[in-house]
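Letters A, B, ... are given to chains in the order of the sequence lines, protein chains preceding strands, and every chain is numbered from 1.
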Amino acid sequence: MINVTLPDGSVRDYSEETTPLQIAAAISERLANDVIAAEVNGSVVDAMRPLKELAEGTSSLTLKLLTVKDAAALGVLRHSCAHIMARAVMRLFPGTGLAFGPTTGHGFYYDFDLDQRISEDDFPRIEQEMAAIIAEGEPFERFMLSRDEALELCSGMHQALKVEHIREGLAEHPTLSFYRQGEFVDLCRGPHIPRAGKIKAFKLLSVAGAHWKGDQSGKSLQRLYGTAWFSKKDQDQYLEQIEEAKRRDHRVLGKRLQLFQIDPGVGQGLCLWLPKGATIRAILEDFIKKELLEREYEPVYSPHIGRVELYETSGHFPYYRDSQFAPIFGHDAGRIIDFCIRKLQEGELSAENEATLLQAAEIMGYQHEEYRRASSIEEKIAALRKWEKQQERYLLKPMNCPHHVEIYKSQPRSYRDLPVRLAEFGTVYRHEQTGELNGMLRVRGLTQDDAHLFCMPEQVEEEFRQTLELVQFVLKSVGLEDYRVQLSVRDPASDKYVGSEENWQQAEASLRKVLSESGLRFTTCEGEAAFYGPKADFMVRDAIGREWQLGTVQLDYNLPERFELEYVGPDNKMHRPVMIHRAPFGSLERFVGMLIEHFAGAFPLWLAPEQIRVLPVTDHVADYARDVVKRLKQAGFRASADLRSCKVNAKIRDAQLELIPYMLVVGPKEAEANSVSVRDRIESRDIGMLTLEDAIAKFEQEVREKQIRQVIKSAFTIQQDETTTENEY
RNA sequence: GCUGCUGUAGCUCAGUGGUAGAGCACUUCCUUGGUAAGGAAGAGGUCAUGGGUUCAAGUCCCAUCAGCAGCUCCA
């Protein structure tokens, strides 16, 4: 007998062969019908497995029956739907190789190894086949095999990837679980729904390429994405949210509202801020500048390029070489010498090519006596490097920190001067892979609202605390109040990090301590730290529930060491300061792109590029309209008049579509009374006639308070983390 | 960077190997109006670029460039 504790606290004994499904059936037939899976001792398992398996050798367990009402059950449903999709694909495309088929935040995918291309045109027949499988309602059956049996089964089914995975990825597992549904058998950890009929709504969404085990050099697979739900209604809501996200796309709105442009003639990932977009950015910049002055930051400016040595010292150049724009060489032969060094290091330079390259470098003016004398590869590299260092080499700056470090070093610092807080809207350039570029969200030239704080070790926690407070303050000012912090620490097993063990431990401990004390929600991510230090990233949820990585605070004990930063302590000895890198918005491109989507283009009054438009009813009141605009501008508003000789209806429609917060309709009546009829974009109606003074006072208050009167939200409320479930099998 | 899809007027998009199309926007004229589109006329094109196949290419093929989706990456 097994002792089972149910969520209501009741305890009962069941025979070892009893399944959670049978327990449900004993309670009520309806419950049994609703059961999707079970939660035993906190983990989700099949409802069709006998208790003795689930108890894992013990004689008691806690059991929760998961039904369509439990979010955890949705993942089980979707994973089963992935199996059904795979089954349908195998029926329609014989010879399909199976890779992995996990669930995602809102659905599932399955990777297929298949020569024939699946396109969206194939979706209807795949969906039809899936519907047929679901209608048959066959059960999912679990069975266990030894490694040898599993290998035999998978190779018998010609599933080479599964065979490989059992041999390599699952080498530690003595036995392996499989699930059978009709003729379809798949190596799978489970759990699954009892029968296919539980799936009430599903849809294939897209097909795209993927790599076997996420390895870029691995086999190319076709990934089919889909979603599945307990009800048609849930699915419709989800699909509507996808449509809503499309409607908000900042690339579409940015074009329609003339906020920014990315022009192939200028270059991939290089953003042109059009006047309206630039206005939003300028307002945000002014807002932050003012805030930083109050918090005793000092403004600095630094150039867009710097000597390569600067980034060699910082470590950025060697670490991120492939994602930077190529260095600018002052000497014609610089590029050839640089190429030779790299190829020598990689051992890929043939004697013939070496001679050719050197001859070319010589023609360009490289003096190579020392190189000729070199007898080993190391000596050759040293000779080339020595020459290289005598030449000018510049890099478009990928980070602002080295420049700010040099500013710190420009004078001797006393402990009395610390903390030194250097702030700059620093524009940096990164040669992101073409496939990564995405509107303003991922660009090659970006401006960070950057600052570097240099402080004594004992000041670190207080500075970090204040920085967290600043980030929270600025996010709140734009109405973003739903966020969590992700603490990214190093992966102890990796060697990509610079600096000593003590420094890392100290940095991570400080961040963790302050975060814990702050009361902020935070999660820890191993292996996500920057190469020079741990960081706390702000993950902000927007109006329709999507999460964005915006602000970041990073703690750095390493750059001060690399650049040998110092200050004179009270003991009259030299000490090493600690650096904090921080950017509350992250980059202005990304931040504004995110804001466009968050507000769906309808910015609050204090941020709207055009705040007020004056609409004369007839040409006869054009002069009065101009006068109103003039007075609005004198009061500090961004306003214009629509003086076209068309009907006021048309002017209103255009202003509404341009998402201008307020429209002031003026006709003979208003001109007579020195007043305006205010139309509110949000309410989409006339809210009455005010004197111009009263209207200005109303708008001024709204701007002063940074009121956010409307955030267009999605009706969609079912939200889960966008994390893909770990897919061990 | 990889896999796939896409590229026609300023925008959104039709276009079956045989003379380049629509709606909106734009320009001009008429209209002078009261809270989401008044009317008419006009202008606007190297069909992304470069090759190829063909009597004939926007349409078929190849390459390049750019965009999109996903993968991989993100200081």
Side-chain angles (χ1 to χ4, degrees), chain A residues 104 109 111 117-121 205-225 246 249 251-252 255-256 258 262-265 267-269 311 314-317 319-324 397-402 428 430-439 441-443 446 448 450 496 498 528-533 535 537 549 552 554 556 559 581 583 586-587 590 615-622 644-658 663-670 677-681 683-689:
Chain A
T104 62
Y109 65 79
D111 286 344
R117 287 277 147 228
I118 296 178
S119 81
E120 296 204 2
D121 299 337
L205 296 177
S206 61
V207 57
H211 300 281
W212 171 237
K213 297 200 168 175
D215 177 2
Q216 200 163 155
S217 56
K219 198 170 181 28
S220 261
L221 304 168
Q222 296 188 69
R223 176 170 297 179
L224 218 46
Y225 283 89
K246 276 189 199 157
D249 190 320
R251 292 165 299 187
V252 177
K255 184 174 260 184
R256 183 160 80 73
Q258 294 175 25
I262 293 173
D263 189 324
Q268 274 190 306
Y311 310 101
S314 74
H316 289 103
F317 182 66
Y319 193 82
Y320 288 109
R321 167 119 206 195
D322 290 340
S323 46
Q324 287 168 357
K397 75 171 166 186
M399 280 296 272
N400 301 305
C401 24
V428 298
R430 298 171 184 180
H431 195 265
E432 305 284 5
Q433 301 181 56
T434 48
E436 306 310 331
L437 301 172
N438 178 298
L441 303 179
R442 196 79 184 269
V443 287
L446 56 131
Q448 300 172 313
D450 209 359
K496 74 168 195 174
V498 299
E528 296 294 309
F531 74 88
Y532 50 74
K535 54 179 187 166
D537 293 320
Q549 187 187 320
T552 181
Q554 304 174 1
D556 185 357
L559 283 193
H581 311 238
S587 90
R590 191 178 163 75
L615 310 179
V617 168
T618 80
D619 289 348
H620 308 308
V621 285
R644 294 174 301 168
S645 33
C646 57
K647 288 168 78 165
V648 74
N649 290 31
K651 296 179 185 181
I652 285 169
R653 178 170 190 271
D654 289 347
Q656 283 281 150
L657 290 176
E658 287 177 57
M663 287 151 253
L664 303 183
V665 176
V666 296
K669 268 188 296 181
E670 288 80 5
S677 285
V678 182
R679 183 188 165 96
D680 179 19
R681 182 192 62 75
E683 296 194 36
S684 196
R685 68 177 179 88
D686 186 356
I687 57 171
M689 195 157 95

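Using a 4.0 Å heavy-atom cutoff across all strands shown, A/Asn649 reaches sugar-phosphate atoms only and no base atom. Base engagement by A/Pro668 is indicated by at least one non-hydrogen atom pair under 4.0 Å involving a base atom. When heavy atoms are screened at a 4.0 angstrom cut-off, A/Ser323 is found touching base atoms of the nucleic acid. At a threshold of 4.0 angstrom between heavy atoms, the contacts of A/Val617 include nucleobase atoms, whether or not backbone atoms are also involved. Contact annotation for A/Leu657: base contact, defined as any heavy-atom pair under 4.0 Å involving a base atom. A/Glu670 comes within 4.0 angstrom of a base, heavy atoms only. As judged by a 4.0 angstrom heavy-atom cut-off over every strand, A/Cys401 is placed among residues making no nucleic acid contact. Within the nucleic acid shown, A/His581 has no heavy atom closer than 4.0 Å to any nucleic acid atom.
Taking atom C1' on both nucleotides, B/C2 is separated from B/A14 by 34 Å, rounded to a whole Å. Spacing of P atoms, B/G18 relative to B/A25, comes out at 33 Å, to the nearest Å. Taking atom C1' on both B/G7 and B/U49, the two are 11 Å apart, rounded to the nearest angstrom. For the C1' atoms, the distance linking B/A43 with B/C24 amounts to 16 Å, nearest Å. B/U46 and B/G42 are spaced 23 Å apart, taking the C1' atom of each and rounding to whole Å. With C1' as the reference atom, B/A57 and B/G15 are 14 Å apart, rounded to whole Å. Across the P atoms, B/C29 and B/U16 are found 40 Å apart, a figure rounded to whole Å. B/A36 and B/G17 are spaced 46 Å apart, taking the C1' atom of each and rounding to whole Å.
A donor-acceptor contact under 3.5 angstrom links the side chains of A/Glu670 and A/Ser677, judged on distance only. With no hydrogens or angles considered, no side-chain donor-acceptor pair links A/Arg590 and A/Gln549 at under 3.5 Å.
Mapping A/Leu221 and A/Lys647 onto RNA chain B by nearest heavy atom places A/Leu221 at the nucleotide closer to the 5' end. Where A/Lys535 and A/Ala650 meet RNA chain B, the nucleotide closest to each residue was compared, and A/Ala650 sits on the side nearer the 5' end.
Under 4.0 angstrom from either OP1 or OP2 of B/A37 there lies no side-chain N or O belonging to A/Lys651. The side chain of A/Gln222 contributes no N or O atom lying less than 4.0 Å from OP1 or OP2 of B/U3. Checking the phosphate oxygens (OP1, OP2) of B/A75, no side-chain nitrogen or oxygen of A/Tyr319 falls inside 4.0 Å. Side-chain nitrogen and oxygen atoms of A/Thr618 include none within less than 4.0 Å of the OP1 or OP2 phosphate oxygen of B/G33. Taking 4.0 angstrom as the limit, A/Arg251 places a side-chain polar atom (N or O) nearer than this to OP1 or OP2 of B/C68. When the side-chain nitrogen and oxygen atoms of A/Gln549 are compared with OP1 and OP2 of B/C74, none of them lie within a distance under 4.0 Å. OP1 or OP2 of B/C71 has at least one side-chain nitrogen or oxygen of A/Tyr225 nearer than 4.0 Å.
At least one side-chain heavy atom of A/Arg251 sits under 4.5 Å from a side-chain heavy atom of A/Asn438.
Judged by distance alone with a 3.5 Å cut-off, no donor-acceptor contact links the side chain of A/Ser314 to the base of B/A75. Within 3.5 Å, no donor on the side chain of A/Arg430 pairs with an acceptor on the base of B/C73, nor the reverse.
Taking a cutoff of 4.0 Å between a charged side-chain nitrogen and a carboxylate oxygen, A/Glu432 and A/Arg430 do not qualify as a salt bridge.
Using Watson-Crick or G-U wobble geometry with both donor-acceptor distances under 3.5 Å, B/C60 finds its partner in B/G52.
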